[in-house]
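All heavy atoms count here, side chains included; hydrogens, waters and symmetry mates do not. Residue numbers begin at 1 in each chain, while the letters A, B, ... track the order of the sequences.
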Amino acid sequence: MALLSIKNLHATVGGKEILKGINLELGPGEIHAVMGPNGSGKSTLSYVLAGREGYDVAKGEIVFKDKNLLDLEADERANEGIFLAFQYPVEVPGVVGMTFLREAYNAKLRYSGHKEADAMEFLKFVRSRAKTLNMSDEMLKRAVNVGFSGGEKKRNEILQMAVLEPELAILDETDSGLDIDALKLVSEGVNKLRSENRSMLIITHYQRLLNYIQPDHVHVLAHGKIQRSGGKELALELEANGYAEFSGEAA
Amino acid sequence: MNIQQSSKLPFEELIAESFEGVTGDWHHELCKRGLQNYVDVGWPGAKNESWKYTNLNKLGSHSFSIAKDYSTAIPEDMIIPLDCPRLVLVNGVFNSELSDQKLLPEGIALTPLANLSDYQKTFFDDLRLGKEIKYALPLASLNTAMFSDALVLELAEGTELSSPIHIISIGSGSQITFAPRIVVNVGKGAKLDVIESHVGASSGMYFSNSVVQFNLQDGAKVGHYKLQNESNESFHISLTKVLIKERAFYDNFTISLGGILSRNEIQAHITGSGAECCVNGTYLGAGSQHIDNTTLIEHIAEGSCSREVFKGVLGDRARGVFQGKILVHPDAQKTDGYQMNRAMLLSDQAEINSKPELEIYADDVRCSHGATVGELEEEHIFYLRARGIDRERARRMLIGAYISDAIDEIRNTGIRSSIQGVAENWLKHNLYEKK
């Protein structure tokens with residue numbers, strides 16, 4: 001039974017069709033990489049899954065844990081277990097990092113009919129998770145992402161993922177803007193979260209992230225469709241040959 | 001030929017009536033001077049630059065009477081909740097039964113209007129910067145013409161108070177007007193925090209026209225935190241006049257969220273070098289509230305700095321006005337001035353008029369100002385929703401964060417969290433749960 005099943009997905013942004021019939025299945029615990037040239041629709045796919053307004057599904061279906069995902073609001077999807085690590089994490093002035101995490105964590109607890117977490121227990125829990133990502137208490141006291149470096153923002157995304165423990169994590173260009181040390185730190189953080197109960201969809205332009213986070217399956221997205229699928233060796237092939245093979249209009 | 005000359009100005013008849021209650025030659029002369037200044041400049045209209053965005057026609061045409069009743073109870077849920085000595089004015093008159101004058105710590109003196117020394121009387125000298133029309137203070141002159149009592153506080157040289165003093169002005173009654181007058185003189189090197197709460201005892205409509213003066217002698221450190229929480233239909237006009245001498249430090253914050261029409265005008269004059277002045281605030285408006293914050297920070301001496309941050313949230317048909325001027329005199333070299341007004345509009349019909357102004361006559365200064373107007377950003381809302389927080393909760397978190405960013409300017413942490421609570425309470429009742 002697939003955790004996520006996407007069938008013939010067509011999506012438009014501002015009236016323009018970007019996704020033109022995506023088919024994709026992710027089983028529990030599987031890691032899939034979606035690679036493709038710029039403008040192929042990779043980020044659109046991640047936003048459609050997360051439920052961002054303005055990304056309209058014209059045709060097709062998305063089933064997550066036996067539920068029609070398209071019936072759910074963005075916050076309901078998050079509470080069902082979908083987590084989008086943003087390519088460009090948003091700076092939220094005035095909202096303290098710790099408060100943000102607690103609100104998100106409690107939203108999920110309330111959604112599943114549990115009572116909210118004890119504040120002290122939660123603080124300890126977050127601190128232990130932050131420590132593994134080399135994030136200081138100071139960073140948690142600051143407003144979310146405000147004044148953070150590119151690497152700090154990405155680590156903050158992975159911290160949120162570590163706290164919210166999603167069943168499906170979508171990592172949208174998590175490697176972009178990271179130097180090699182930051183990339184290692186972030187990848188280690190992600191690898192610690194690998195589990196048989198957690199699937200991941202890694203969206204990336206470059207193969208280098210996949211050196212650190214090894215996928216089970218690789219798909220090439222171009223012109224709004226999955227053009228090829230294969231094992232992790234496909235990523236290496238793309239690294240060697242580039243996306244030239246997929247640059248023409250799809251047949 | 002001014003046709004208005006033959007007819008009376010708003011409140012002119014009431015002034016004559018209030019004169020009857022005035023005792024003592026000095027007070028009488030003062031009232032007469034106030035009346036003269038008021039008559040000279042007239043009721044502010046659209047042609048008065050300083051009042052361009054705040055229309056007082058409704059206030060001027062309304063029929064008020066002079067408040068005669070000076071007893072009531074303190075509306076505890078309206079004021080800033082802090083456990084400290086209170087000094088209470090009811091309809092502009094000191095109420096000793098509601099006040100804790102016996103709890104005032106050593107070094108602070110409260111002098112009744114009738115017993116003022118000649119020195120203390122000088123505090124009431126002309127408030128205007130000059131005789132020109134642009135310096136006219138019509139409503140403050142009206143206060144001088146009409147005030148029937150004054151709260152005069154003096155902190156002795158070198159005295160440092162750890163607990164704040166809470167001055168509470170209560171409007172009690174309907175269709176009445178009163179003119180609170182407050183003077184706080186802080187001696188050399190003395191330290192004091194003052195909280196000023198303006199509230200209504202009931203839902204009655206009234207007009208509070210206050211003048212509040214702070215004099216900071218050399219090296220004095222003063223925190224001055226004001227809550228404008230008048231009853232819903234009331235008018236609140238105030239002038240806060242601050243004199244800041246050498247190396248003195250003045251930290252001001254105004255939170256304005258009550259009344260139908262309010263104006264908080266602050267004039268801070270830095271006359272001593274090395275002084276620091278913070279004039280910050282937040283304004284929250286809903287329904288058809290009109291909130292005006294007008295400030296002047298005057299750098300007269302060399303090497304002083306000022307900082308000014310205002311942030312407002314306006315919903316429904318609420319209207320905000322921000323006029324901020326930094327004036328740097330030729331001798332005020334090395335001035336460091338910063339000013340920022342940000343407003344968040346939550347509805348298409350909400351409005352902000354923002355007028356920042358720099359007037360600089362010295363050449364070696366650093367001054368900057370800015371203003372922004374925005375709405376809640378969808379990008380922020382989506383980020384929160386992608387973490388499971390629903391839209392309404394995300395919206396509240398973001399509005400609350402916007403305001404607390406301004407409230408964080410308050411240096412005293414206890415007062416900061418009390419004011420934070422007042423703001424959250426207002427947002428809850430006026431923007432979140434009102435549908």
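Looking at A/Glu91, only its backbone comes within 4.5 Å of chain B, counting heavy atoms on both sides. Using a 4.5 Å cut-off between heavy atoms, A/Val144 touches chain B through its side chain atoms alone. Residue contact with chain A, scored on non-hydrogen atoms closer than 4.5 Å, is absent for B/Glu377. Only the side chain of B/Arg393 comes within contact range of chain A, judged by heavy atoms closer than 4.5 Å. With a 4.5 Å cut-off on non-hydrogen atoms, A/Gln160 touches chain B through its side chain but not through its backbone. Interface residue A/Arg52: backbone and side-chain heavy atoms are both found under 4.5 Å from chain B. The contact between B/Leu384 and chain A is made by backbone and side chain atoms together, counting heavy-atom distances below 4.5 Å. Heavy atoms closer than 4.5 Å to chain B are found in both the backbone and the side chain of A/Phe100.
Options A/Ala50, A/Ala107, A/Pro93, A/Ala104 differ in how many heavy-atom pairs under 4.5 Å they form with chain B, and the most are formed by A/Ala104.
Residue B/Ser256 forms a side chain to side chain donor-acceptor pair (under 3.5 Å) with just one option from B/Asn264, B/Asn293, B/Asn229, and that option is B/Asn264. Each of A/Arg198, A/Arg129, A/Lys108 was scored for a salt bridge (Lys or Arg N to Asp or Glu O under 4.0 Å) with A/Glu165, with one residue passing: A/Arg129.
A cation-pi arrangement is present between B/Lys311 and B/Tyr402, with the terminal nitrogen or guanidinium carbon under 6.0 Å from the aromatic centre and inside a 45° cone about the axis. A cation-pi contact, defined as under 6.0 Å to the ring centre and within 45° of the axis, links B/Arg387 to B/Tyr383.
Look at B/Glu276 and B/Arg307 and you find no salt bridge, because none of the NZ, NE, NH1 or NH2 atoms lies under 4.0 Å from a carboxylate O. Residues B/Asp390 and B/Arg385 are not paired through a salt bridge, judged by the lack of any N-O separation under 4.0 Å between the basic side chain and the carboxylate.
Residues B/His224 and B/Phe214 bring their aromatic ring centres within 6.0 Å.
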